[in-house]
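Everything on this sheet refers to the single structure shown next.
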Amino acid sequence: MNRIVTLDEFIIRRQKDFPFASGELTGLLRDIGVAAKIVNREVNKAGLVNILGVADSQNTSGDSVQKLDLYANEILIDCLKNSGECCGIASEENEDFISIPAVETKTSKYVVVFDPLDGSSNIDVNVSVGTIFGIYRRKSDEGGPCELGDFLQSGTALVAAGYVLYGTSTMLVYTTGRGVNGFTLDPSIGEFLLSHRDIQIPKRGNYYSVNQGYYLKFDVEMRRYIDHCSDLNLRLRYIGSMVSDVHRILFQGGIFLYPNTRKYPNGKLRLVYECNPLSYIVEQAGGKSISCQLERIMEVPVEDLHQRVTIAIGSPEMVDEMKHFVHRYSPALSNGN
Ligand code: P6P
């Protein structure tokens, strides 16, 4: 039987990989793990305690906010505020970033971005949802409050990224730039246990994940690539929760697409707290992540906290194939052949 390794033990052991680590990143990751356990407890009983249903508010995207979104947001903010390990937070649920004052004399060199509960429209129908997070080293002077520029860093500056998937089991998957590891929550002991060491995405897979309902609204090159996936008899799997859809592809191979549409000319998904953290994880697992305009997601310049971007993320050979279709069929890129 494999030795049991808890998330805490793994994080602390991996701290040795970073010779100059001062333990702050370790503390941050552990605090996020605690927040995930608390959110998990409420997600798992959401139907019982009347926190379902739409709160009477809207988030920055104009989406109606589920009560559980607000709850998850508050839990994550509280856990990170009390940790003293981060000096600022940017969340999908908050218009502006939140500056966290130093705890006593302790200054922190990290900021955290997160989507507290991605896919929350699925909560009421008991479909998986997830938390996505990314951690940056601040650029501003450690002696003062964090600044907007600390959050407008490209994905290549991420120090760590991860997600929590509240599904048939609750998993936390993260990277600090030395591979990707997955931990499954054992509710009987309240610990995340190492269950998937050094995750590698298959070079190709039998799944493609896109909202087929928008097919006629996609650009021709995207429609041709989706037709190609269908011609290959790939299986369409799309549940409207990015964490769940990308998680399947990370483990079984495939490609997830959210191209531009008339409603979302720049794409719907958020660069800072959805696409960059998930792209870091997928690239660390050997995959690729580009925009439908063929830019590497992690190199897209970040100009706004809630910036949207198109995305094609997953198995490297399938992302390369999609690039070929864009070159061949995009009026802007094709040379008429
Ligand atoms: P659509 C959930 O609202 C989300 O942000 C992602 O988790 C998901 O992949 C996408 O939007 C679903 O969007 O337009 O297909 O309903």
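We number each residue from 1, following the sequence as shown. Note that ligands are numbered from 1 as they come in the structure, with each ligand's atoms numbered from 1 the same way.
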Quiz item: Atoms of ligand 1 less than 4.0 Å from Asn211 heavy atoms?
Solution: 1 (P), 15 (O)

Quiz item: Purely on distance, is any nitrogen or oxygen of Ser121 under 3.5 Å from one on ligand 1?
Solution: no

Quiz item: What are the atoms of ligand 1, with element, lying closer than 4.0 Å to any heavy atom of Tyr258?
Solution: 1 (P), 13 (O), 14 (O), 15 (O)

Quiz item: If only atom types and distance count, is the side chain of Asn122 paired as donor or acceptor with the main-chain N or O of Val129 below 3.5 Å?
Solution: no

Exercise. Mind checking the NZ-CE spacing from Lys288 to Met322? Nearest 0.5 Å is all I need.
Key: 12.0 Å

Quiz item: Does NZ or CZ of Arg235 lie under 6.0 Å from the centre of the six-membered ring of Tyr207, at an angle within 45° of the ring axis?
Solution: yes

Exercise. To the nearest 0.5 Å, tell me how far Asn266 CG sits from Gln293 CD.
Key: 8.0 Å

Exercise. Using a strict cut-off of 4.0 Å, indicate which atoms of ligand 1 neighbour a heavy atom of Ser241.
Key: 7 (O)

Self-check item: Proximity of Leu269 to ligand 1 by residue part, where a heavy atom lies under 4.0 Å
Solution: side chain

Quiz prompt | Heavy-atom nearest neighbour of atom 10 (C) of ligand 1 within options Arg270, Met242, Glu274, Lys268 | solution = Lys268

Exercise. Please state whether Tyr264 comes within less than 4.0 angstrom of ligand 1, counting heavy atoms only.
Key: no

Quiz item: Side-chain heavy atoms under 4.5 angstrom apart, residues restricted to Ile, Leu, Val, Met, Phe, Trp, Tyr: same cluster for Ile239 and Ile311?
Solution: no

Self-check item: Separation of Tyr273 OH from Leu271 CG (nearest 0.5 Å)
Solution: 10.0 Å

Self-check item: ligand 1 contact by Asp245, heavy-atom criterion under 4.0 angstrom
Solution: no

Quiz item: Quick one: does Ile313's side chain get under 4.5 Å of Val319's, heavy atoms only?
Solution: no

Quiz item: Looking only at N/O atoms, are Tyr238 and ligand 1 under 3.5 Å apart anywhere?
Solution: yes

